[in-house]
Amino acid sequence: MSVRNWVAAAVLLGGSAWAAEAPAIVPMPVQMTAGEGVFKLTAATPVAYAGKDAKAVAAYLSAVLAPATGFALNALPGAAAPANGILLTTVGADASLGAEGYELTVTPKGVVVKAPAAAGLFYGCQTLRQLLPPAVLAGTKQDAVWEMPCVTIKDKPRYSWRGLMMDSGRHFMPVPFVKKFIDLMALHKMNTMHWHLTEDQGWRIEIKKYPKLTQLGSIRAESPVRGNRNQGDGKPYGPFFYTQAEIRDVVAYAAARSVTIVPEIEMPGHALCALVAYPELSCTGGPFKARTKWGVEADVYCAGNDKVVQFNKDVLTEVMGLFPSKFIHIGGDECPKDRWKKCTKCQARMKSKGLKNTEELQSWFIQQIDQFIASKGRRLIGWDEILEGGLAPGAAVMSWRGTGGGIKAASEGHDVVMSPTSHCYLDYGQSNAGGEPETIGGCLTLAKVYSYEPTPANLSPEKKKHIIGVQGNLWSEYLWDGNDVEYNGFPRGCAIAEIGWTPADKKDFSSFWNRMDTHGKRLDALKVNWRRLTPDQK
Ligand code: ACM
Ligand code: ZN
């Protein structure tokens, strides 16, 4: 049903002012049918749960409804829908909905969320939150009539990887903001936060075996000033990093919101801050200082030094201990080969392994790491440069330099996450109309992002299955803090969420644009510094 028909139906059927509006769900569900009347949530509404893992989701629902409504809804076990209440259940769910799908039925007499697994129940609850007035998302008590329109929804995601990337390397993002970001992802039914943790400009994750990584590598002497990327601000930046205890806390917080955190540890390039701490891992021996300008550093790990391979295995061992994610991102992008061409160790490695060029040396290095990650039951993912010189078997590719890398990888049978600069680089500007804050460059309007179709038409149906998802990237050279991440991330991140969730034939930019009227009120209630819509976004 179109939004316009919905409004007409809901108005005809009566209901409160809010409930008469279209249920502007973002991302748009697969199937949604209007019912008659409204369900009213009160302080006395019973909440029941049944089946596997439903208890935790019920507790989550009560907790998120509490601040704005002031209701302390007590969730209790119970297989049947309580009268005038809410039931969350995995019992008797339609298995074809998969682990993340759900059914949601709202009638004047009650609400039932039914899903095969906890993630689906959780997403049913996100839809439920969006059916209530936007003020329900506020962190403090609000005056509102807590009604939702009656509706029947059957819903499941299009892709299994619905991601956003946070770059804590260029600018450190404090833990409370990381949690807010995870909450925002969950609201949009996004399930993968790619966390960029190491860079030429800062190493941000505590590694117990190599304490100097954060003692020395999490500090830079200065940064480019806002407004002039060629001038330093003279202000030391750091030490800024996440302790392992903080990471465990964030990972658990994300898991409770159906978000998997995929950590990224960059190698063999973008690794200057590791070399600051351990210069013996470089080709030249250093010494080094953390980069104070943006851009790519020429000094990289020495691929001819066995200690480098062992060091990265040790780091990844601790990383895999912290992050249960199946995928481990090892970067692999933008590794200048200048040092390798002149380094006797790198040249000796090429000779002994019969490698024809430095691309093959990079490939050899990535394969060592791939074998190690695979031996631990995990899967390597890297930027599309890891295709050069031969891709490690089992590795997955994140296609960023356009979609060619993704198409090639999928054709060869590798899984692919599409994240091309052309549509998914949310660090680009959002408008050419002037008055925008400084960005890395480019112009990527909301409409352009929304228009993206991740699965290339020219792949065979068999190869299309290897396109596992889509991701928006929030590189932070020009995002100084969470406020900037929110401005660049929303509403373009809402568009990425809809690309990842909603079937292609249901995508409709004008519907999305109209839904942003209501959805913007949600972002306001959550105190998100989202970029307001202007005509140049279309
Ligand atoms: C990248 O943007 N260098 C992956
Ligand atoms: Zn070397």
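Counting convention: from 1, in listed order, for ligands and their atoms alike. Here the structure is a predicted model, which is why all the values come from computation and not from measurement.
At the shortest separation from atom 3 (N) of ligand 1 among protein heavy atoms lies D333 OD2, 2.7 Å. When hydrogens are left out, the protein atom nearest atom 2 (O) of ligand 1 is Y425 OH, 2.6 Å; that is the closest non-hydrogen contact.
With ring centers used as reference points, W340 lies 6.0 Å or more from Y301. Checked against the 6.0 Å centroid threshold, Y210 and F311 count as a close aromatic pair. In this structure, the ring of H414 has its center no less than 6.0 angstrom from the ring center of H466.
Rounded to 10°, the angle formed at the Zn ion (ligand 2) by SG of C343 and SG of C283 is 110°.
A donor and an acceptor atom, one from each side chain of H519 and H188, are located under 3.5 Å apart.
In terms of heavy-atom proximity, I182 sits nearest to Y253 at CG2-CD2, 4.1 Å.
Ligand-side atoms of ligand 1 in range of W475: 1 (C), 2 (O), 4 (C), range being under 4.0 angstrom from any heavy atom.
Contacts of E334 with ligand 1, taken as heavy-atom pairs under 4.0 Å, involve the side chain alone.
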